[in-house]
Amino acid sequence: MAAVTSPETSPQPRVYFQTPTGTTEEPETPVRKQGRVTVKYDRKELRKRLNLEEWIIDQLTDLYDCEEEAIPELEIDVDELLDMPSDLERAARVKELVVECFKPTEIFVSELLDKIRGMQKLSTPQKK
């Protein structure tokens, strides 16, 4: 017997085969092959970056006192900040980006600079 799922439950129709009643045969699970990774990234740095971006969104949500979707369109480019030679320039750039915020931003700026200190710029690594 075959059961077709409805379009509401999945984007593409799928067919599932059911074993007839009375048999105790275990259904076969498909074996997935591992894909090759062609470009290697440092997982630890990616995790740090993801955590930082989530923290930034949380902080901006608090600063602008709104939901994530309602935050004004601004992009805090961590790589751009890491390229800057000094914390003073980084702080000035972040303050420039959040200039429309009516709440005090000094704590956000100083905590952001503390968090990015020691981070590496995420550039595409060379193939090996």
Subject >> Joint cluster assignment, Ile107 & Leu97, ILVMFWY side-chain distance < 4.5 Å >> reply: no

Rounded to the nearest 0.5 Å, what separates atom [atom1] in [X] from atom [atom2] in [Y]?
X	Y	atom1	atom2	result
Met84	Ile116	CE	CD1	9.0 Å
Leu60	Asp65	CG	CG	12.5 Å
Lys121	Asp83	NZ	CG	3.5 Å
Gln59	Leu112	CD	CG	9.5 Å
Leu52	Ile57	CG	CD1	10.0 Å
Glu96	Leu74	CD	CG	11.5 Å

Distance-only, no hydrogens or angles: does the [X] side chain make a donor-acceptor pair with backbone N or O of [Y] under 3.5 Å?
X	Y	answer
Lys103	Asp62	yes
Gln120	Glu45	no
Ser86	Glu89	yes
Arg93	Leu81	no

Which atom of [X] lies closest to which atom of [Y], heavy atoms considered:
X	Y	result
Thr61	Cys66	CG2-O, 2.6 Å
Leu63	Pro104	CD2-O, 3.4 Å
Tyr64	Val98	OH-CA, 3.6 Å

Looking at side-chain heavy atoms only, is the closest gap between [X] and [Y] below 4.5 Å?
X	Y	result
Asp79	Arg49	yes
Arg117	Asp87	yes
Leu46	Leu50	no

Subject >> Glu100 atom CD: more than 12 heavy-atom contacts under 6.0 Å >> reply: no

